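Order of listing sets the numbers, starting from 1, for every ligand and every atom in it. Only this structure's heavy atoms are used, side chains among them; waters, hydrogens and symmetry mates stay out. On a predicted model such as this, the values are computed, not experimentally measured, just so you know.
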Amino acid sequence: MFENLSEKLQRAFKNLRGQGTITEENIQEALREIRVALLEADVNLNVVKELIEHIRAKAVGQEVMTALSPTEQVIKIVRDELVALLGKDTARFQFSSRPPTVILMAGLQGSGKTTTSGKLAAWLQKGGHRPMLVSVDVYRPAAREQLKVVANSIKAKIYEGDTKGEEAGTPLVERLAKEARREAVISGCDTLIVDTAGRLHIDTDLMDEMSMLKSLLAPQEILFVADAMTGQDAVRSAEEFHKRLALTGVVLTKMDGDARGGAALSIRHVTGQPVKFIGLGEKPDAFEPFHPDRIVSRILG
Ligand code: GDP
C-alpha cells in the first residue's frame with residue numbers, strides 16, 4: 001500500500017538529512033519534493049496546496065526542539081499534517097437507538113459494493129451484532145446471487161424476497177426494502193445492510209432510486225464505496241453522491257493494490273466525509289476501520 005508515495009517522500013527527507021541545519025532554502029527544496037510526490041500520487045491539487053502551506057508555516061515558524069534533529073522535526077510536522085488531513089480519530093460507526101440500524105451502501109458498479117456489504121456484515125458479527133443483508137439490485141440477478149453467496153460464506157442472514165415475474169424497477173426496489181426491514185425486526189436482527197444497484201456512471205435514475213431508499217429507510221449510515229485505485233475519479237464520484245444523498249462516510253476498497261494513495265488522501269478533504277473503513281483484499285476479513293495515524297505511519301515508515 002502506498003509504496004510509490006512512501007518512497008518519494010523518503011527521498012525528500014533523505015536529501016534534507018544531508019544538511020546540518022535547516023535553512024529556509026533547503027526547506028523550500030524539501031517542500032518542492034513533497035509537493036511533487038503528492039501530485040504524482042494523484043492527490044487532489046487543492047489538498048496538496050493546503051497541505052504544503054500548513055507544513056511550510058509550521059516548519060518556518062517552528063520553535064527549535066532540542067530532542068529532535070531538524071529533519072526529524074520536519075518529518076513530525078508532515079506526519080501531524082497528514083493525520084489532521086485524514087481526520088485525526090477513527091470515525092465512529094453510527095448505531096440507531098431503535099434497531100434495526102440501516103446501512104445504505106452506495107457506489108458505482110465494480111467498486112466493491114457487494115463484497116464490502118459482506119465484509120461489513122462479518123465485522124458486525126464479530127462485534128456481537130446480528131446483521132441482515134438484502135440486495136435491492138433488481139436489475140442484475142447476478143448481483144443478487146453474488147450477495148447470497150457472500151452471505152452464506154459468512155453465515156449471515158439474507159432477505160431474498162420473491163421477485164419472480166415482477167418487473168425490475170423502483171416499485172420492486174421499494175417493496176424489497178420495506179420487506180427486508182420488516183423481516184429484520186421479526187427475526188431479531190439489529191442491523192440491515194442494503195446493497196443497492198450500481199451503474200457504470202452516475203445517472204438520474206440511480207440517484208432518484210437512492211433518494212427514494214434514503215427517505216424510505218432513514219438509514220443511520222450512507223456509505224459510499226469507492227475503489228481507491230481509481231484515484232481522483234473515486235473522489236469526484238463521492239462528491240456527486242454526497243451532493244445528492246448527504247453521505248455519512250466512505251469505504252475505500254482495493255487499498256491492497258493502491259500504490260499511490262491519491263483517493264485516500266483527498267476524499268475526506270473534498271467531501272468533508274470521513275473514510276470509515278478500508279478494504280484490503282477479496283476475502284471477508286480483509287477489512288478494517290480506517291485509522292488515520294496507522295495509515296500515515298504506513299506512508300512515512
Ligand atoms: P460491485 O459491483 O460494486 O458490487 O463490486 P464487487 O463487490 O462485485 O467487487 C468487484 C471486484 O473487486 C471483485 O472481484 C472483488 O473481489 C474485488 N474487490 C472488492 N473489494 C476488494 C478489495 O478490498 N481488494 C481487492 N484486491 N479486491 C476487491
Can you tell which part of [X] has a heavy atom less than 4.0 Å from ligand 1: side chain, backbone, both or neither?
X: Met229; answer: neither
X: Leu280; answer: backbone
X: Gln146; answer: side chain

Could you list the donor-acceptor pairs under 3.5 angstrom formed by side chains in residues 214-230, with sequence neighbours left out?
| residue | atom | partner | partner atom | Å |
| --- | --- | --- | --- | --- |
| Lys214 | NZ | Leu245 | O | 2.8 |
| Ser215 | OG | Ser211 | O | 2.9 |
| Gln220 | OE1 | Val102 | N | 3.1 |
| Glu221 | OE1 | Thr248 | OG1 | 2.5 |
| Glu221 | OE1 | Lys276 | NZ | 3.1 |
| Glu221 | OE2 | Gln94 | N | 2.7 |
| Glu221 | OE2 | Lys276 | NZ | 2.9 |
| Asp227 | OD1 | Met229 | N | 2.8 |
| Asp227 | OD2 | Lys254 | NZ | 3.4 |
| Thr230 | OG1 | Asp227 | O | 2.7 |

Only heavy atoms count here, so choose which of Glu282, Met105, Lys283 is nearest to atom 27 (N) of ligand 1.
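Checking each option, the heavy atom nearest atom 27 (N) of ligand 1 is found in Glu282.
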Element-labelled atoms of ligand 1 that are located less than 4.0 Å from some non-hydrogen atom of [X]:
X: Leu108; answer: 3 (O)
X: Thr115; answer: 6 (P), 7 (O), 9 (O), 15 (C), 19 (C)
X: Gly279; answer: 23 (O)

Compute the minimum heavy-atom distance from Ser111 to ligand 1 and say whether it is under 4.0 Å.
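A heavy atom of Ser111 does come that close to ligand 1.
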Check if Gly281 has a non-hydrogen atom at a distance under 4.0 Å from any atom of ligand 1.
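A heavy atom of Gly281 does come that close to ligand 1.
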In plain terms, say whether [X] and [Y] are close enough for a salt bridge, that is, a side-chain N and a carboxylate O under 4.0 Å apart.
X: Glu239; Y: Arg236; answer: no
X: Glu179; Y: Arg182; answer: no
X: Glu33; Y: Arg11; answer: no

When only distance counts, is [X] in polar contact with ligand 1, meaning an N/O pair under 3.5 Å?
X: Gly110; answer: yes
X: Gly112; answer: yes
X: Thr114; answer: yes
X: Thr253; answer: no

Using the test side-chain hydrogen bond (donor to acceptor under 3.5 Å, both in side chains), find all partners of Asp137 that sit at least two apart in sequence or belong to another chain.
Arg140
Are more than 12 heavy atoms from other residues, nucleotides or ligands located less than 6.0 Å from atom CZ of Arg298?
no
Under the criterion salt bridge (charged side-chain N to carboxylate O under 4.0 Å, His left out), I'd like the reasoning laid out for Lys178 against Glu174: C-alpha separation, chi angles, the key distance, then a yes or no.
CA-CA 6 Å; Lys178 275 187 193 158; Glu174 190 172 343; 3.8 Å; yes
With under 30° as parallel and over 60° as perpendicular, where do the rings of Phe95 and His129 fit, or are they tilted in between?
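Ring orientation of Phe95 relative to His129: parallel.
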